[in-house]
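Numbering starts at 1 and runs along the sequence shown.
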Amino acid sequence: MPPFSTEISDYKRNPMLVILCNGQPWGATYPTDPEFQFGKKKARMILAIRDLLDQFNRTEGQNADQIRHEIPSIPGLAEPLKIQGFAGFTNPNGHFIGQPYLQLEAGRTRLGIGVTRHRPCYTFGRLLRPSSTLE
């Protein structure tokens, strides 16, 4: 995976963490995935599954389709977090991509973390302390 970095942006006056590859927008390296950015809610979701991301990272997503978890309460989230793993997915063009990924869902907020996104998410989760509030 190419080196990644981050920059802070905003969306409707809310801070967003933008993940860059080789200092360029995510889509310059991964054209089928034009941007990778998230705000506080998705950041909390990522932090809540730090250990699962560690496992996903170590095994490169092997047996992802057997992952089914629910975290009933997370500080800063009103809804429980549901995590489901998949062995692959169908892209917007209708092609099946046989790469494992995790689907995170809290209420109407969803985040897919696959083989290209798991490394920056894993690193992000490790950089912040468990007690981080993301205020």
Would you check if [X] and [Y] make a side-chain contact, meaning some heavy-atom pair closer than 4.5 Å?
X: Ile71; Y: Leu77; answer: no
X: Gln24; Y: Thr29; answer: no
X: Arg117; Y: Trp26; answer: yes

Nearest 0.5 angstrom please: [X] [atom1] to [Y] [atom2], how far?
X: Phe36; Y: Phe4; atom1: CZ; atom2: CZ; result: 9.0 Å
X: Leu104; Y: Leu81; atom1: CG; atom2: CG; result: 5.0 Å
X: Leu102; Y: Ile83; atom1: CG; atom2: CD1; result: 8.5 Å
X: Leu53; Y: Cys121; atom1: CG; atom2: SG; result: 6.0 Å
X: Arg119; Y: Asn57; atom1: CZ; atom2: CG; result: 4.0 Å
X: Gln103; Y: Ile67; atom1: CD; atom2: CD1; result: 12.5 Å

Provide the full list of salt bridge (charged side-chain N to carboxylate O under 4.0 Å, His left out) pairs with a residue in residues 52-61, sequence neighbours left out, each pair given once.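 Non-adjacent pairs meeting salt bridge (charged side-chain N to carboxylate O under 4.0 Å, His left out): Asp54-Arg58.
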Salt bridge (charged side-chain N to carboxylate O under 4.0 Å, His left out) pairs, two or more places apart, involving residues 96-112: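 Listed by first then second residue: Glu105-Arg110.
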According to side-chain contact (heavy atoms from CB on, under 4.5 Å), who are the partners of Asp10, at least two apart in sequence or on a separate chain?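 Checked Asp10 against side-chain contact (heavy atoms from CB on, under 4.5 Å); zero matches.
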Any residue meeting side-chain contact (heavy atoms from CB on, under 4.5 Å) with Glu7, in chain and number order, not counting sequence neighbours: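 By the side-chain contact (heavy atoms from CB on, under 4.5 Å) rule, Glu7 matches Val18, Leu20.
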Determine which pairs satisfy side-chain hydrogen bond (donor to acceptor under 3.5 Å, both in side chains) with at least one residue from residues 61-86, sequence neighbours left out, and list them in order.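 Listed once each, the pairs are Lys41-Glu79.
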In the hydrophobic clustering (ILVMFWY, side-chain contacts below 4.5 Å, transitive), which residues join Tyr11, or is it alone?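 Members alongside Tyr11: Met16.
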Taking the hydrophobic residues Ile, Leu, Val, Met, Phe, Trp and Tyr, and joining any pair whose side-chain heavy atoms are under 4.5 Å apart, which ones share a cluster with Phe86?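 Direct or chained contacts put Phe86 with Phe89, Ile97, Tyr101.
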Met45 and Thr109: side chain to side chain contact (heavy atoms under 4.5 Å, CB included), yes or no, with the steps? CA-CA 10 Å; Met45 294 164 66; Thr109 303; 3.9 Å; yes
Heavy-atom pair with the smallest gap, counting every atom of Pro100 and Gly61: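 So the minimum-distance heavy-atom pair works out to CB-O, 3.4 Å.
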Output every pair passing ring pair (Phe, Tyr, Trp, His ring centres under 6.0 Å) with a member in residues 45-66, not counting sequence neighbours, ordered by first then second residue.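 Every ring pair (Phe, Tyr, Trp, His ring centres under 6.0 Å) pair that includes a residue of residues 45-66, provided the two are not neighbours, is Phe56-His118.
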